[in-house]
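Only one structure is covered here, and it is reproduced in the block below.
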Amino acid sequence: MSDHNTTEHIEFSNNNLFSQLVGPADTHITQIENRFGVTIAIRGNHISITGTDADVGYAKNTLQYLYAQLSKGQDIDSESLEDAIRAVNSSVNLQSSDTNVANGKISIATKRKMIFPRSANQGEYLAAMQNKDMVFGIGPAGTGKTYLAVAVGVSLLIAGKIDKIILTRPAVEAGEKLGFLPGDMREKVDPYLRPLYDAMHDMLPADQVERRLTNGEIEVAPLAFMRGRTLSNAFVILDEAQNTTPVQMKMFLTRLGNNARMVITGDLSQIDLPNGIESGLNQALRILKNIPDIAFITFDETDIVRHPIVAKIVVAYDKETKK
């Protein structure tokens, strides 16, 4: 492909949407210029993009995708702009995924917001959670594994399709044991399970979270509390599953009851188990891989929806590990 500079011109018909597209003081345009190394000139509702053929194409696709999102009533901020940029860079078919979103095929309604997939893998993951009783979401931090699982659980609870959401994690966290933390059991467990609470509060008003926690519609507990139970009419999320032992994982998976769904999330590069103990997640993936009723979705650094530098950090660490 040629490296010579080229210029593309785009016209946008809606003045109000165009104003939102460029952002306050043209901040969105500046963000796109910086990410793709192009120069963008604005005149009225016209945009001119100058740079190499490839970079101009990426910038143009990003702007057109964002404008389509705005026309559907979605807001655009720095984060959603990064999502669009990342999708273009990772060769996600924006038009295809955009059509799915427009048709309501891949979206989750919670009390506080509509949640859309931000990558092809996230779209596949959401679809799997809506269609399968057991789903494994595997990949690095920041790819939306737990957040999207909580969103699906909340949407099913609101719709009356389940009676409760159960959020659980194994009690192994970066070498710390809960027994050494100060306070009673609730005070020990709450900080440790905070990421699950944070996701819940992003989707339900605070008073509803507290009410549903009190009446048992939402349960947040360490994995050990699942032993001996049959989990029916529930959406059950096992987070940080890489820190389960094989015995714990088998115990958890066999709790699945009638009208229940399970989502198991984990990152096999972040195992905090003592040396010599195999991760229950790793074993489960090996043993269950040929069962067609179970979905396995694998995420990578292109799915990370945090600050763009996080994806670069993940890649750098992966390279070091492979050495």
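Numbering of residues begins at 1 and proceeds along the displayed sequence.
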Check whether the side chains of [X] and [Y] place a donor and an acceptor atom closer than 3.5 Å, and report yes or no.
| X | Y | result |
| --- | --- | --- |
| E240 | Q242 | yes |
| D303 | Y125 | no |
| T52 | D55 | yes |

Give the minimum heavy-atom separation between [X] and [Y], together with the two atoms involved.
| X | Y | result |
| --- | --- | --- |
| Y67 | N14 | OH-N, 3.0 Å |
| A295 | A128 | CB-CB, 3.8 Å |
| A221 | T168 | O-OG1, 2.8 Å |
| L204 | I218 | CD1-CD1, 4.1 Å |
| T245 | Q248 | N-OE1, 2.9 Å |
| N121 | I297 | O-CG2, 3.8 Å |

Query raised in the report: Who pairs with K132 by salt bridge (charged side-chain N to carboxylate O under 4.0 Å, His left out), at least two apart in sequence or on another chain?
Result: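 Here no residue qualifies.
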
**Report entry** Partners passing salt bridge (charged side-chain N to carboxylate O under 4.0 Å, His left out) against R43 (at least two apart in sequence or in another chain)
**Finding:**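 Expected list: none.
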
Query raised in the report: When rounded to the nearest 0.5 angstrom, what is the spacing between CZ in F299 and OG1 in T265?
Result: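 If I round to the nearest 0.5 Å, the distance is 9.5 Å.
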
Query raised in the report: Does R227 CZ have over 12 foreign heavy atoms under 6.0 Å away?
Result: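 No, because the 6.0 Å sphere around CZ of R227 holds 12 heavy atoms or fewer from other groups.
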
Could you list the donor-acceptor pairs under 3.5 angstrom formed between side-chain atoms of residues 254-262 and any protein atom two or more places apart in sequence or on another chain?
unit_1	atom_1	unit_2	atom_2	d
T254	OG1	K250	O	2.8
T254	OG1	M251	O	3.0
R255	NE	M251	O	2.7
R255	NH1	R229	O	3.1
N259	ND2	K161	O	3.3
N259	ND2	N233	OD1	3.1
R261	NH1	M129	O	2.8
R261	NH1	Q130	O	3.3

Query raised in the report: When I165 is tested against each of V150, V152, L157, L156 for side chain to side chain contact (heavy atoms under 4.5 Å, CB included), which residue passes?
Result: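 For I165, the side chain to side chain contact (heavy atoms under 4.5 Å, CB included) check succeeds only for L157.
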
Query - side chain to side chain donor-acceptor pair (under 3.5 Å) partners for T50, two or more places apart - result: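 For T50 the side chain to side chain donor-acceptor pair (under 3.5 Å) partners, ignoring immediate neighbours, are T7.
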
Report task. Please list, chain by chain and in numerical order, all residues satisfying ring pair (Phe, Tyr, Trp, His ring centres under 6.0 Å) with F252, sequence neighbours excluded. Result ->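 Not a single residue meets the ring pair (Phe, Tyr, Trp, His ring centres under 6.0 Å) criterion with F252.
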
Report task. Go through the structure and list residues passing ring pair (Phe, Tyr, Trp, His ring centres under 6.0 Å) with F18, not counting sequence neighbours. Result ->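 Only F12 meet the ring pair (Phe, Tyr, Trp, His ring centres under 6.0 Å) criterion with F18.
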
**Report entry** Hydrophobic cluster membership, L253 vs I291, 4.5 Å side-chain cutoff
**Finding:**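 Yes, because L253 and I291 connect within a single hydrophobic cluster, where side-chain heavy atoms sit under 4.5 Å apart.
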
Query raised in the report: Honestly curious: do I287 and L285 fall in one hydrophobic cluster under the side-chain, below-4.5 Å linking rule?
Result: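 Yes: a chain of side-chain contacts under 4.5 Å links I287 to L285.
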
Report task. Apply salt bridge (charged side-chain N to carboxylate O under 4.0 Å, His left out) to the pair R212 and E219, showing each step before the final yes or no. Result -> CA-CA 8 Å; R212 292 175 190 267; E219 180 182 347; over 6 Å; no

